[in-house]
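Just passing along the structure, written as structure tokens.
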Amino acid sequence: MDFSCHALVKRANTTAYYHRGTEFNSSSNLDGASLYYFLEEWTLNPSRTNLKMFLIPPVVCLMAGVFIIPTILFVIFSRFSIRQETRYMLLGNALLSDLIYLLFYTLSAALNAARVHLPKEACVLLLFLLAVAYCGGLFTAAAIVLDTYIAILFPLRYIAILPPSRTKKVIVLLWMCSGAFPGIFFLVLSSTHSFMPCVLEMCSIPVILILTLNGTDAVKLCFWLSTTVIFLCLSLIFCCYAILYFKTKQSGIWENICSRASVTFLMHNTVLFFYFFPVLALFVESFLCINVGTRLQTRLWVSLIVCNVLMILPKVLFPFLYGLRYREISASLKSIVKRKHLRQVSPAPSLS
């Protein structure tokens with residue numbers, strides 16, 4: 001689309017009063033200009049919505065993530081025996097990806113709450129970094145589950161299959177895939193001129209999700225392919241957990257509901273549920289948009305909840321429910337806390 005943002009808004013003003021009377025009915029009857037106009041009005045009009053309250057979940061999750069994630073990363077990278085194990089290297093990579101995502105998404109949400117319009121290039125870079133960080137965390141989570149699967153089902157061949165040197169190559173490959181996957185989509189959208197200038201100036205992830213389903217065929221294709229890849233990764237994680245459960249069911253570790261295996265399995269599935277739920281919500285929202293024609297305002301609220309709450313929660317729950325379950329990490333953290341406590345209460349030297 002070759003129109004500028006001001007031209008789109010000016011053209012949409014001619015039909016504004018009619019659409020206001022419909023109070024954000026189904027967006028299927030709106031053209032691109034009118035849809036953008038109402039999204040901009042809904043976002044910038046404080047009397048209709050209080051969008052700043054959706055800044056609270058990302059900020060709170062970022063504060064919790066900054067508190068716990070660097071601490072776990074310090075324990076992993078400061079101890080040679082820990083950072084040479086495959087599971088801890090993968091855990092550190094996942095935590096690093098989640099921390100990057102939390103930082104950039106909170107920055108994006110804060111800029112939108114402050115109504116700061118980014119340059120197009122800055123918006124594209126921010127969206128690309130968010131996509132890379134999200135893919136990195138998701139792909140690494142899948143690799144962690146595959147590592148657990150191999151360690152439990154093939155314990156005698158585990159070291160031969162995944163030595164530390166090969167794990168480092170796997171991590172590099174994960175980052176390459178995390179950059180290549182969204183990079184291809186961004187190149188396709190750029191070559192087909194599917195990036196609307198208005199969308200890049202607003203640079204709001206929830207609004208972009210709404211406009212995606214009303215965009216060109218290339219935009220819709222990229223959206224559905226991305227959602228499908230995410231769903232396949234999460235399905236792989238779920239299948240590995242299910243196989244592990246049925247393979248180890250006869251060992252007796254699940255008989256006591258309070259056993260370490262049962263609690264760990266429950267926590268991992270809790271994190272998996274929070275990873276699955278946003279994708280499921282996006283599928284439901286897309287289905288309702290295409291087949292039912294939900295109100296635009298309803299779809300905006302759903303997008304805000306998915307982006308600012310549901311997609312953020314797994315990033316901050318992962319280190320608490322997953323990382324701290326490792327005995328070596330928890331023991332190292334306890335030893336650090338005890339050491340600091342002993343230094344603080346050490347007795348003063350006696351006077352002779």
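Just the heavy atoms: all of them, side chains too, but no hydrogens, waters or symmetry mates, feed the values below.
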Among C177, S97, S178, which one satisfies side chain to side chain contact (heavy atoms under 4.5 Å, CB included) with C135?
->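 Output: one option passes, namely S178.
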Student check: side-chain heavy atoms of I230 and L138 closer than 4.5 Å =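 The answer is yes; the side chains approach within 4.5 Å.
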Under a 4.5 Å cut-off applied to non-hydrogen side-chain atoms, are V172 and M176 in contact?
->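 Yes; the side chains approach each other to less than 4.5 Å.
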Carefully, step by step, assess N93 and M89 under the rule side chain to side chain contact (heavy atoms under 4.5 Å, CB included).
-> CA-CA 6 Å; N93 192 61; M89 285 191 283; over 6 Å; no
Taking all non-hydrogen atoms of both residues, which atom of Y158 and which atom of A151 are closest, and how far apart?
->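 What the structure gives for the nearest pair is CD1-CA, 3.6 Å.
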Nearest heavy-atom neighbours spanning F186 and F128 =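 For F186 versus F128, the nearest heavy atoms are CZ-N, 3.7 Å.
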Greater than 12 external heavy atoms within 6.0 Å of F104's CZ =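 Open: at most 12 neighbouring heavy atoms sit under 6.0 Å from CZ of F104.
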Ignoring hydrogens and angles, write down the donor-acceptor pairs under 3.5 Å from the side chains of residues 233-244, residues two or more places apart or on other chains.
unit_1: S235; atom_1: OG; unit_2: F231; atom_2: O; d: 2.8
unit_1: Y241; atom_1: OH; unit_2: H268; atom_2: ND1; d: 3.2

Shared hydrophobic cluster, L55 / V60 (ILVMFWY, side-chain heavy atoms < 4.5 Å) =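 L55 does not cluster with V60.
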Find out whether P57 and I312 are in side-chain contact, i.e. whether some heavy atom of one side chain is under 4.5 Å from a heavy atom of the other.
->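 Answer no - side chains too far apart.
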Inter-residue atom distance L304.CG - M53.CE, 0.5 Å rounding =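 Here the rounded value is 8.0 Å.
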Quick one: closest heavy-atom pair of C61 and L102, and the distance?
->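 Heavy atoms of C61 and L102 come nearest at O-CD1, 4.0 Å.
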Please tell me if the side chains of L96 and T140 come closer than 4.5 Å, counting only heavy atoms from C-beta onward.
->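 With C-beta onward as the side chain, the pair stays apart.
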What pair of heavy atoms forms the shortest contact from V132 to G179, and how long is it?
->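 Taking V132 first and G179 second, the nearest heavy atoms are CG2-CA, 3.9 Å.
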Under a 4.5 Å side-chain heavy-atom rule over Ile, Leu, Val, Met, Phe, Trp and Tyr, are V316 and I56 clustered together?
->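 V316 and I56: separate clusters.
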Measuring from L111:CG to L118:CG, what's the distance to the nearest 0.5 Å?
->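 L111 atom CG to L118 atom CG measures 5.0 Å (nearest 0.5 Å).
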Kindly compute the distance separating CZ (F318) from CG (L91), expressed to the nearest 0.5 Å.
->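 F318 CZ to L91 CG: 5.5 Å, rounded to 0.5 Å.
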Heavy-atom side-chain proximity of Y326 to I72 below 4.5 angstrom =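 When only atoms from C-beta onward are counted, I72 and Y326 do not touch, as no gap falls below 4.5 Å.
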Which heavy atom of L90 sits nearest a heavy atom of A143, and at what distance?
->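 For L90 versus A143, the nearest heavy atoms are CD1-O, 3.9 Å.
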Is it true that I161 and L173 fall in one hydrophobic cluster, defined by side-chain heavy atoms closer than 4.5 Å?
->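 No, I161 does not connect to L173 through the hydrophobic network.
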Test item: N112 side-chain N/O and S108 main-chain N/O as donor-acceptor pair under 3.5 Å =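 Yes.
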I305 side, atom CD1; L310 side, atom CG - distance, nearest 0.5 Å =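 Spacing of CD1 (I305) from CG (L310) equals 7.5 Å.
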What about F320 and F74, same hydrophobic cluster or not, with Ile/Leu/Val/Met/Phe/Trp/Tyr joined at side-chain heavy-atom distances under 4.5 Å?
->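 Result: yes, single cluster for both.
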Check step by step if side chain to side chain contact (heavy atoms under 4.5 Å, CB included) holds for L129 and I100.
-> CA-CA 8 Å; L129 292 175; I100 294 173; 5.8 Å; no
Any side-chain heavy atom of V306 sitting closer than 4.5 Å to one from V302?
->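 Yes, their side chains come closer than 4.5 Å.
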Cluster overlap Y105 with F67, hydrophobic side-chain contacts below 4.5 Å |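 Y105 clusters together with F67.
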Of all heavy-atom pairs between G92 and L73, which one has the smallest distance, and what is that distance?
->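 For G92 versus L73, the nearest heavy atoms are O-CD2, 3.4 Å.
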Give, for atom CD1 of I69 and atom CG of L62, the distance between the pair rounded to the nearest 0.5 Å.
->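 Separation between the atoms: 9.0 Å.
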Check T148, D147, T167, I144 against R87 for a side chain to side chain contact (heavy atoms under 4.5 Å, CB included) and give me the one that passes.
->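 Among T148, D147, T167, I144, the one meeting side chain to side chain contact (heavy atoms under 4.5 Å, CB included) with R87 is D147.
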Take the angle between the ring planes of W301 and F54 and call it parallel below 30°, perpendicular above 60°, tilted in between.
->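 If you compare the ring of W301 with that of F54, the planes turn out tilted.
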Spell out, as yes or no, whether a donor-acceptor pair under 3.5 Å connects the side chain of T106 to the backbone of L103.
->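 Here the side-chain-to-backbone pair does not exist.
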When the ring planes of Y134 and Y101 are compared, do they come out parallel, tilted or perpendicular, using 30° and 60° as the limits?
->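 Correct class here is tilted.
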So do the side chains of I205 and L127 get within less than 4.5 Å of each other, counting heavy atoms only?
->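 The answer is yes, as the side chains (C-beta and beyond) meet within the 4.5 Å cut-off.
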From Y88 atom OH to I82 atom CD1, the distance as rounded to the nearest 0.5 Å |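 Reported to 0.5 Å precision, the distance equals 6.0 Å.
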Compare all side-chain heavy atoms of V170 with those of T86 and state whether any distance is below 4.5 angstrom.
->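 They are not in contact (no side-chain heavy atoms under 4.5 Å apart), so the answer is no.
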